[in-house]
Every structure is written in structure tokens, then in C-alpha cells.
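Naming convention: chains lettered A, B, ... in sequence-line order (proteins, then strands); numbering from 1 in each chain. Just the heavy atoms: all of them, side chains too, but no hydrogens, waters or symmetry mates, feed the values below. Small disclaimer: the values here were computed from a predicted structure and weren't measured.
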2 protein chains.
Amino acid sequence: MRRSSADESTRDPAAAEPAVGGADAPVDPDTPETRGSRAAVLPAAAPGTARNALDRRRILGAAVELIDQDGLRQLTMRRLGAHLGVEAMALYHWVPGRESLLDGVVETVVDELYGDPDVHLSSPDWQEYLQRLGHGVRRIALAHPKVFPLIATRPPAAPWVHPPLRSLRWMESFLTELQRCGFSDAHAVAAYRAFSSFLLGHLLLEVSTHGADIGPIEQEDPGRPDPTDLAEYPRLSALQAELSQDRSAEEFEEALEVLLDRLERLLDHPPHR
Amino acid sequence: MRRSSADESTRDPAAAEPAVGGADAPVDPDTPETRGSRAAVLPAAAPGTARNALDRRRILGAAVELIDQDGLRQLTMRRLGAHLGVEAMALYHWVPGRESLLDGVVETVVDELYGDPDVHLSSPDWQEYLQRLGHGVRRIALAHPKVFPLIATRPPAAPWVHPPLRSLRWMESFLTELQRCGFSDAHAVAAYRAFSSFLLGHLLLEVSTHGADIGPIEQEDPGRPDPTDLAEYPRLSALQAELSQDRSAEEFEEALEVLLDRLERLLDHPPHR
DNA sequence: ACCTGAACACCGTTCAAGT
DNA sequence: ACCTGAACACCGTTCAAGT
């Protein structure tokens, strides 16, 4: 599955143009050197010329890779350095510290939305816009199930920047689209919150079911013979087959439809102010 | 700072009666000694008799306290030991390790539902049941905003044990109530998943907005003058007032109503098998 | 039975020193 | 300009030893 697709810095298979490092992409402002190095180092870097050219983007890519593989707990400055063929201390030249590294990981993964050919910043129909956006975010969550809890729980930059979108550009796009289609100020914001909440709940449940974890319990502990002794829970054991089924895809589809219907009804009501 | 406030085990100011340690509260099965010590040590323990009686419950209570105060990252075996007036290594007699400690923290907080006089395991009306249950979970999330991300993201014991309920007993109760009211197998399970997803999304968004964090960035960094430069985002800056408002309570109420309506419609449709 | 001291392997991070 | 070595303070965890 998760091939070594990130290795040759071909991290955005779809969008060759703006992608992550677009000039106006919101970047972490606290590392001034990125501004210069980004445009210069990255597109050049012929493989073979400078073998171990370290830079912020390569570091973040490797960090995502490590979390995808081994989980968040295994992402260590020292391990990340080793993975990149470098001492851990070299990373501090490109990243202020581990916390900021995790912020960068979240930003990197969320920014994959820009590379998704099925998601657009603008669309004639707001319902199609939300459909595509929702499915795009879902694809990201499923592609990085061990990163998603981080996306969901990292403290937002501002209190109104919600997970899982977490991006000023997407917020701007979201609000613009809906207001262009007739949503009032209050209703556009309400829609943004309802949409975020829906995505967050559904996708966190889905990746959590798929065995995502924050931290490594990975190992099957043979000492504990399946802690689920259902003897005392008759309803539960009767429904176990039903409970074990994974209907996530259908449920997502249906809940999204319900949400869109609900939002559509907002359009008929006058703004409440 | 970290006073000895937990020392006299007066950890539940509000609920003096059943609270966390009801006799039949589900306890972590992997430490057999709890079964004995619980009933014996805790209710007895006249303050002054055995000053530093350590046990699993006191440890978990102190851990919750520390996370509530200082955040997850500050919860360290060594700090927790110090908080309890004991060397860190003493904790390993009552708890297998840090991971299991965190599981216990989640269980402890979720079990506060049993002490909530407004939430019942059974109710004549399934809608009232879900209303009370939902509000109970919300109260817990707001009471422990720094624990809730842990509740939301810890890997579940079984793939069908979802956050945020995370308890076989509540699952059993949930399914029993709905089936008693006419929900089919498939519909009861679908309702359980929809309800979990709604609670998870809404509450995680709410506590995340309230500045919960997993890890300590707590400090206001004066070097970074508010990273929100909205110059390039006209819609966003126009709606900033709207976005800054906290309508969480109303939104919760309304979304819960919508969910209940949606579930009610399930009752009219024949089970799809 | 319960706790401690000392030790081990591993963290994140700083900083002077290398090239 | 970029990376390394050594060091510091702090982790989780083990285990023999104390009482």
C-alpha cells in the first residue's frame, strides 16, 4: 500500500504546479530560512547532485512516513535523523523543535488536499463543493490513519481554526463558496462548524476503528486472552456480528447527505440577525 | 505549585455518594489486587489512620487531576509519584506502566457517567435516554477538556468499542434501550455509530476550541505576534466576529435534535435484511 | 507486602566545535 | 552555512535490596 511514494520528493503525484510549496501557501512563519531555501533548493535538487540535501520539506515528508509506518510514539528526533542519514541535532537547523515538527506534519498532510484533483477551491454548486471537499478529507484520513488523531487534537492556531480543515485558505474558500450561494454570515459560519464537526466525528471514528493509535500498543499481548468477555452483555453478544461490520463508507455518504439537506434548509430561513 | 491537594482523597467535591467507585463499576481486569483493596481500603481510610495508602484508584484520580491541571505531556510517572508523595517506582506495583495508566485515566473519567444523577442506564423513552446520555458525556468533556482528546483517540479495546462511550456497559445499555423501543439489529447498531460520531465530532471541536491541548504549548510565545494575518483572506476577516462567537451549546442542542429526528425515521423503515 | 536506590536505555535540547 | 560530539536534564522501566 503506502509505497515509498514520498521518497524522491514526488510527494504530490497529482498536482505538479502549486502543490505544497506554492508561493502563497501558508507556511509556518517562525522559520525565516524556509522562505529562501524552499524555492531555491527544492525544484533544483537533481538526484545525485546533492545526495543528502536536508530541508524542511524533506524532513516533514520523512516524519509523515515514519508516523504512517510506526505510529506517533516512534517519531523521535533521533530516529527521524537516523532515517534521514543525519544526526538528530541537524534537524534543529530546519525545525525549531519536536512540537513544531508535529505542527508541520499536520500541515503537510492537510495540504495534500491541494494535490487532490477531485477537490477544488471553487465550484459552481456549493453542494458539489462540500461533497468533494468532504471526500477529499476522508481520503487523507484513510491514507494517514495514524496522523489523523494528531490533525484532530493538535491545539489550533486560533480558536476559530477548527480541525480537521485547519487551514486559513480552506476556511476562506469554504466561506466564500457558501456566501456566493446565498448563505448569510451567520449561516455560513454555522455551516462551517457543522461540516467540521461531522468530518471530525466520522473520520476519527473510522480511523480509530481501523486500528489507528496514538502511541504503540501494536503488540498483541498474549497474556490477556481477549478482554472482551461478553457473558454479562447479552445484547452486545447478540449484535456482535452486526457490530463487527464496517459500514463506514455508506455511513459517511448518508451522513453527508443529511448534513447537506440540513444546510440547504438554512438557505430558506432568514438570517437570524 | 503542585500542592498536596490530593492527599486527603477529597477528590469529588460534588458527588459525595456513588461517584466513581460504585461497587459494580467495571474495573480494569488486569490487576487482580484491585478487587480486594477497593472495597476495603477506600471507604474506610479515615484521614489520619493510614496517611499514604496508595492504591490504583487514588493513583488514577491523581493522574486525572494532573492532566486537568497541566496537560497530558506533564503527566509523568515521576511527577505523578511526587504528587502522591512517593517514588515513581512505587506506582508500578499498582499499574503495569504508563500506557495502562492512560487507559485507566480514560476509564476513570468515562466512568464519571455513573455518578451523574441526570443520566440513567434505562429510561422509558429512548429519545430522553439519548438526550440525557449525550448531555452527560458533554458535561464530562467540558469538565476534563484536556483528558477528552485522550478519550477520543486511545485505541479501543475492540474495534467495535467506539469513543467516546468506550464502555461495554453503556453499549449494552444503549442497544438494549433502542431495541426495546423497536429498533432492529441493524438500526440499533447504526444508531450507536451515528450517536458516537456526533458526540465525538461535536465535543472534540468544542474542547479544542476551548484551548484543550495534548501537550504543552501553554506559554504565550511573545516572539510570534499572532500568526493570524488575515490580510489575504477577505471573507475570513469579514466574518471574524461571527467566527469568534461560541455557539457550542446551541449547536449541540440543535445537532442532537436533528440526529434524534433522523433516528426516529429509522423506526418507520423496515430493517434492510 | 510494599516501597526505595541505583542503574539502563532512551528522550529533547543546547552549545561549542568542527568542516 | 551546515552538521557533529559531548553534555544536561529528564524520561519509562527493571530489579535487587530494604523494611
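For the OP1/OP2 pair of C:dC3 and a distance below 4.0 Å, the side-chain nitrogens and oxygens of B:W94 include at least one atom meeting the criterion. Considering only side-chain N and O atoms, B:T76 lies nowhere under 4.0 angstrom from the phosphate OP1 or OP2 of D:dC10.
Atom CZ in B:R56 sits about 17 Å away from atom C1' in C:dC2, given to the nearest Å. At whole-Å resolution of the value, CD in A:E87 and C1' in C:dG12 are 15 Å apart. Separating the CZ atom of A:R79 from the P atom of C:dG12 is a distance of 11 Å, rounded to the nearest angstrom. For the pair A:L101 CG and C:dC11 C1', the interatomic distance rounds to 14 Å; values are reported in whole Å. The distance between atom CD of B:Q74 and atom P of D:dC10, rounded to the nearest whole Å, is 12 Å. Distance A:D55 CG to D:dA1 P: 17 Å, rounded to the nearest Å.
Side-chain contact between A:R193 and B:S248 is present, with heavy atoms from C-beta onward closer than 4.5 Å. For the pair B:L66 and B:Q74, the minimum side-chain heavy-atom distance is 4.5 Å or more. A 4.5 Å side-chain heavy-atom check between B:V137 and B:V119 finds every atom pair outside the cut-off.
Residues forming a salt bridge (Lys or Arg N to Asp or Glu O under 4.0 Å) with A:R98 (at least two apart in sequence, or on another chain): none. For A:H202, the ring-ring contact (aromatic ring centres under 6.0 Å, His included) partners are A:F252, not counting sequence neighbours. Residues passing the ring-ring contact (aromatic ring centres under 6.0 Å, His included) test with B:F148: none are found, sequence neighbours excluded. Remark: A:R139 engages A:D116 in a salt bridge (Lys or Arg N to Asp or Glu O under 4.0 Å) (not counting sequence neighbours).
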Begin from the C-alpha positions of A:W170 and A:Y192 and carry the test ring-ring contact (aromatic ring centres under 6.0 Å, His included) through to its verdict.
CA-CA 10 Å; A:W170 281 110; A:Y192 175 62; over 10 Å; no
Starting at the 5' end of DNA chain C, what dot-bracket string do you get if Watson-Crick and G-U pairs under 3.5 Å are bracketed, crossing pairs use [ ], other-strand pairs use | and unpaired bases use dots?
||.|||||...|||||.||
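Between the A:R56 side chain and the A:G104 main chain, no donor and acceptor come within less than 3.5 Å of each other.
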Spell out protein contact along nucleotides 13-19 of chain C as letters: B when the base is contacted, S when just the sugar-phosphate is, - when no protein heavy atom is under 4.0 Å; keep the 5' to 3' order.
BB-----
